[in-house]
Amino acid sequence: MLKSNDDIKGETDSSFAMNSADAKMVSRMRMVLAVSVLLAVFVDPSGLSSRENFTWLVFFGYLFHSIFIYVFSLREKPFSQSILVHRLDVLWFALIVIFTGGVDSFFFLFFFFAILTSSFRWGFEEGARVTVASAILFSASGLALETQSDLSRLFLRTTFLLTFGYMSVYWGESKVRLMHQLNLLRDVSRLSNPRFGVDQTIVNVLEKTRRFFKARSCILVLRDKELGTYFLRTIKDKNSTSAISADAVNAEAAAPLMAVSDDHIIAYTSPLWLFSSSLFQKSMAYDCSRERWEKHEAESIKNLAEILDTRSFLSAPLSLRRQHGRIYLLSPNESFSKADALFLSHILAQAFPAIDNIDILDRMASEAALQERHKISLDLHDTAIQPYIGLKLALGAIRNKASADNPLIEDIDKLARMAEKVIGDLRRFAANFKNRHSKIEPVFLVALNQQAEQLKEFYGIDISITIAGEFRVSDRLAIEILQLVREGLSNICKHTLAEKGHVKIHHINESIKIEIENENQGHQPVAFTPNSLSERAAVLGGKLHINHGPDGNTVVHVEIPV
């Protein structure tokens, strides 16, 4: 399964960028080639064409080109690693061949430099383009300059160029693909931040796997070994929304997906409608117990493909501590191979044991926390609620003693309302704290709006809240984001004289971006870094920076990867 050139150019992962040291090495070798051309024609100018002025111009032009690329590589400029560099090399080499004898030019071997760099950098398709372009340009220069007696040599060298080029391209693609596979295994084996929860970790692994295989969707079906219940999780392409949590399904709905033997890894590819005969169908199963491939019963797998509405799919078994099931990768366009199926099983073996460990740690932490819940809920009344009740009673007594014209009555009433509000919040918190299954405010926006209302009532600060796009995160992560925003709003109250503020939260690609903005009312912004916010962001694997807008407002930007 090969990546197209457009797909490769769109990748941003570090595995797709040439290492800086490699770029410098290639640039140095390019200069060596340029200098060797000059030395060769200087020592033996007999191979030059009659247009010597143009010939020397080409040689020195390629030398200066090589020097510029090397300087860019030292400065780590993007152009030094661009796809355009080796394409320009092909054009330079074609000119050098033309001005050094055409078919008889020894410098036709320089084409292999461009073929190797393109193949090991960009993979099969780009390497194949460079190989074909090199062969065409070399043949064209030979046909334009040589006589009929040299056609045999032209044919031989062109064939050698294509043959050796294809081998280089094939091995280059293997190297590029291996790098992609290693990087994917590295990514999925990293333990996700436990604060994000098991569901978020599973979604990340499935999404990375789906994108690697360029599949339309990824389906994970699991059966609980103790309860016998089935859960289905579907990750679709980037144009669709995928749920964080799994959906419960009945046994009848899950039966077709669980019908394949737990010992078999399946790779199925159906032919296009023009070749719909069963002779063109490929249904292979790898027997894990026997460690060998064998043809699978085509009819049952074909029926499964029809149920899944796909032309090709991969399927591998998955066994966890408390669950077992299968994963399916569906693609209407790609033709999956046996190597793809085996690599899918390697991904599962690498990623899901780590997810199992996260689940165990999460359950241990939950059980330990459950033992403390009852004790804390009992202590909460005596240590937090009672003092506020006493404060409210004291404020009421002071209010009764004050005369009607006392200027402090309004402030006393305001403090009493604040104390009553805190008592109500603490009582609700204590009531919900005992219940381990209580929902973390699915009303995420409501919780923020409540705090905004409190800030406006007690501090006179008008805070607007905006959530852009679909906010789909686990409850565990939602709590962390809620606390982070509350801390930012608290900083506005404590450290600024702002009367207005704005909070914007948007979920973009694989990160959540939070902007907490406050006005400065014409005061010069002071450079500062909120330590508590920085620490919270760092714990979540995110980063924080502060900008000052043209209107003088201060904006705290927080980005959290998910």
Side-chain angles (χ1 to χ4, degrees), residues 193 195 410-411 413-422 424-426 429 440-473 475-562:
N193 194 318
R195 293 172 181 263
E410 183 177 351
D411 293 333
D413 290 340
K414 185 177 181 179
L415 288 175
R417 291 196 301 271
M418 184 182 297
E420 185 175 2
K421 176 66 175 176
V422 172
D425 291 341
L426 288 175
F429 177 78
I440 305 299
E441 299 179 316
V443 291
F444 180 79
L445 183 59
V446 173
L448 291 179
N449 285 331
Q450 286 179 350
Q451 182 165 4
E453 292 174 1
Q454 294 179 14
L455 294 180
K456 185 174 183 179
E457 180 180 358
F458 299 128
Y459 296 95
I461 303 176
D462 188 6
I463 302 292
S464 59
I465 309 292
T466 302
I467 297 182
E470 186 173 0
F471 189 71
R472 298 180 295 105
V473 296
D475 290 343
R476 187 184 294 267
L477 181 56
I479 289 180
E480 298 295 337
I481 295 175
L482 185 62
Q483 293 298 330
L484 192 149
V485 174
R486 284 176 170 173
E487 181 69 23
L489 295 179
S490 176
N491 287 342
I492 294 177
C493 300
K494 295 178 181 177
H495 306 297
T496 72
L497 300 176
E499 296 181 356
K500 292 183 178 180
H502 180 68
V503 175
K504 183 177 181 181
I505 304 173
H506 42 123
H507 195 166
I508 299 178
N509 296 329
E510 297 183 351
S511 64
I512 293 175
K513 295 184 178 181
I514 305 170
E515 298 177 3
I516 305 174
E517 180 180 0
N518 66 272
E519 63 180 10
N520 284 308
Q521 293 185 328
H523 298 284
Q524 183 67 26
V526 179
F528 74 101
T529 300
N531 294 328
S532 58
L533 283 181
S534 297
E535 292 174 359
R536 285 184 180 274
V539 167
L540 296 174
K543 54 186 178 180
L544 177 147
H545 67 276
I546 297 175
N547 289 339
H548 299 289
D551 52 0
N553 290 359
T554 299
V555 184
V556 177
H557 297 269
V558 181
E559 183 174 354
I560 301 172
V562 293

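Any value given below was found using the heavy atoms of this structure, including those in side chains, with hydrogens, waters and symmetry copies removed.
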Is any side-chain heavy atom of [X] closer than 4.5 Å to a side-chain heavy atom of [Y]?
| X | Y | answer |
| --- | --- | --- |
| H545 | E559 | no |
| I461 | C493 | yes |
| T554 | I546 | yes |

I need the [X] [atom1] to [Y] [atom2] distance, nearest 0.5 Å.
| X | Y | atom1 | atom2 | value |
| --- | --- | --- | --- | --- |
| I467 | I465 | CD1 | CD1 | 8.0 Å |
| N518 | K500 | CG | NZ | 13.5 Å |
| L455 | D462 | CG | CG | 10.0 Å |
| E535 | L544 | CD | CG | 11.0 Å |
| R486 | L484 | CZ | CG | 12.0 Å |
| I560 | L540 | CD1 | CG | 4.5 Å |

Walk me through whether R536 and Q483 qualify under side chain to side chain contact (heavy atoms under 4.5 Å, CB included). CA-CA 9 Å; R536 285 184 180 274; Q483 293 298 330; 3.6 Å; yes

Could you tell me which residues satisfy ring pair (Phe, Tyr, Trp, His ring centres under 6.0 Å) with H502, sequence neighbours excluded, listed by chain and number? none

Just by modelled atom types, is the E499 backbone N or O under 3.5 Å from a matching donor or acceptor in the E519 side chain? yes

Is a side-chain donor or acceptor of S534 paired with a backbone partner of P530 at a separation under 3.5 angstrom?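 Flag set: sc S534 to bb P530 pair under 3.5 Å.
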
Does the side chain of E517 come under 3.5 Å of the side chain of N553 through a donor N or O and an acceptor N or O? yes

Can I516 and I492 be said to form a side chain to side chain contact (heavy atoms under 4.5 Å, CB included), step by step? CA-CA 9 Å; I516 305 174; I492 294 177; 3.9 Å; yes

Quick one: which of V558, N491, I514 gives a side chain to side chain contact (heavy atoms under 4.5 Å, CB included) with L533?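 It is N491; the other options fail the test.
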
With side chain to side chain contact (heavy atoms under 4.5 Å, CB included) as the test, would you mind laying out the steps for I505 and T466 before giving the verdict? CA-CA 6 Å; I505 304 173; T466 302; over 6 Å; no

Grab the two heavy atoms, one from P561 and one from G542, that are nearest each other, plus how far apart they are.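 Closest heavy-atom pair between P561 and G542: CD-CA, 3.7 Å.
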
